[in-house]
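Lettering follows sequence order; numbering is per chain, from 1.
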There are 2 protein chains.
Amino acid sequence: MGRWEPDARGRLARVALELYTERGFEQTTAEDIAERAGVTERTFFRHFADKREVLFDGSAALQTHLVDAIASAPAGLPPIEVVGRAFAGAGALLEERRDFARRRAAVIAATPALQERELLKLATMAAAAAEALRARGVADPAAGLAAQVGVAAFTTGFELWVADASPDGLAATIEGALADLRAVTAP
Amino acid sequence: MGRWEPDARGRLARVALELYTERGFEQTTAEDIAERAGVTERTFFRHFADKREVLFDGSAALQTHLVDAIASAPAGLPPIEVVGRAFAGAGALLEERRDFARRRAAVIAATPALQERELLKLATMAAAAAEALRARGVADPAAGLAAQVGVAAFTTGFELWVADASPDGLAATIEGALADLRAVTAP
DNA sequence: GTCGTGATGACAGTTGCTGACATCAGTTCG
DNA sequence: CGAACTGATGTCAGCAACTGTCATCACGAC
């Protein structure tokens, strides 16, 4: 056995969600989390840039999948279809972790500071998606607009799914939200 | 003459933008701002909830205009047209203050913490716009999606306008961005 | 076995922000 | 006319979010 228990980072992330759920984000100090995870506060801040970031550890992986999906979509597919498939595919990654996603979403919904961070992550994902579309030859401003449309469909579908209002799973719900959006904007 | 110079709030907001521009947001302390504005740090935090909020003093007014524009749009106008006119109208409010808007945008673009706050303000505006659409009888999820589409057009148009890439003014550029978006999503 | 190396602990320091109480010009009201 | 009231500010103490720096020590390479 090593000098310390392994996976301090994972423990910190799990404990943070626990405590944010139990007491709320503002009522939880970084020291509380570190203590319950069996490390010091300093170690918490070595693993996570701040108290918010601990809830967003998976977002880089999600973005990678999204960008890969856009890059590897069939040539000639219209940008909006590419975006729809890519965001639905990103949603599929969350499909297995609905319970976790719901707890996490509840904490974020209750905390403006965490909403800010989530919006920044989504905006970063949109920027990455736009860049991936440009790499496929999609012009500006269409690339940026298509990416933002994808995020709108993603978040709308996610909310329905978390609220238990989508019978067919997250990926299908995201595609459904995109279809609704296209209906709303149709000339 | 009163006991103190009048308009401490306005002075703080102006000085904050100055200092954020000169030294950057993180390199500016609340005390720096207060001192140059001739008040104490405590007074800064009485007027603004935090160091970021001082750059977003106008957003409530913008949101009010947006909601009013949606509420007073001609009956029977399709939601997407309502949204387009409302966000273009909100843009028209900024038309006169391009220089200020540009300085402010530069600081925000350089500072992730400020981008977060801006995204939260935009999301709040979108939520308010969605609610105003529902009050007109627009169903869910169309109301929320139309509002998000409006924000996408607004931000895209704003970026072009700030970058000097829009010959016809902000309102027209926002309408143009919305037209581009509709073209991208068109079946 | 010696020597990195990487993750952690210990500790001091700055800054953002909050609560509690005092001050005092201008206003209102008896 | 003066007393009570109000609103904006100042003063001060304090917590919590981070950050920089140095020490520690299991583990693996050599």
Base contacts versus sugar-phosphate-only contacts with protein, heavy atoms under 4.0 Å: please encode nucleotides 17-25 of chain D as B, S and - from 5' to 3'. SBBBB--BB
What is the distance from atom CZ of A/Arg117 to atom CG of A/Leu119, rounded to the nearest 0.5 Å? 11.0 Å
Return the set of residues passing ring-ring contact (aromatic ring centres under 6.0 Å, His included) with B/Phe56 (not counting sequence neighbours), or none when no residue passes.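 Scan of B/Phe56 (ring-ring contact (aromatic ring centres under 6.0 Å, His included), adjacent residues dropped) gives none.
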Counterpart residues, ring-ring contact (aromatic ring centres under 6.0 Å, His included), relative to B/Phe45 (two or more places apart):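 Expected list: none.
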Roughly, in whole Å, what's the span from [atom1] in [X] to [atom2] in [N]?
{"X": "B/Asp7", "N": "D/dA8", "atom1": "CG", "atom2": "P", "value": "13 Å"}
{"X": "B/His47", "N": "C/dT18", "atom1": "NE2", "atom2": "P", "value": "15 Å"}
{"X": "B/Leu12", "N": "D/dA8", "atom1": "CG", "atom2": "P", "value": "14 Å"}
{"X": "B/Phe44", "N": "D/dT11", "atom1": "CZ", "atom2": "C1'", "value": "19 Å"}
{"X": "B/Gln27", "N": "C/dG16", "atom1": "CD", "atom2": "P", "value": "11 Å"}

Taking A/Glu41 first and then A/Arg46, would you say they form a salt bridge - that is, a charged N and a carboxylate O separated by under 4.0 Å?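 No, this pair does not count.
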Keeping the roles fixed (side chain from B/Lys51, backbone from B/Phe25), state whether a donor-acceptor pair exists under 3.5 Å. yes
Say whether, by atom type as modelled, one donor and one acceptor occur between the side chain of A/Arg182 and the main chain of B/Thr185 under 3.5 angstrom. yes
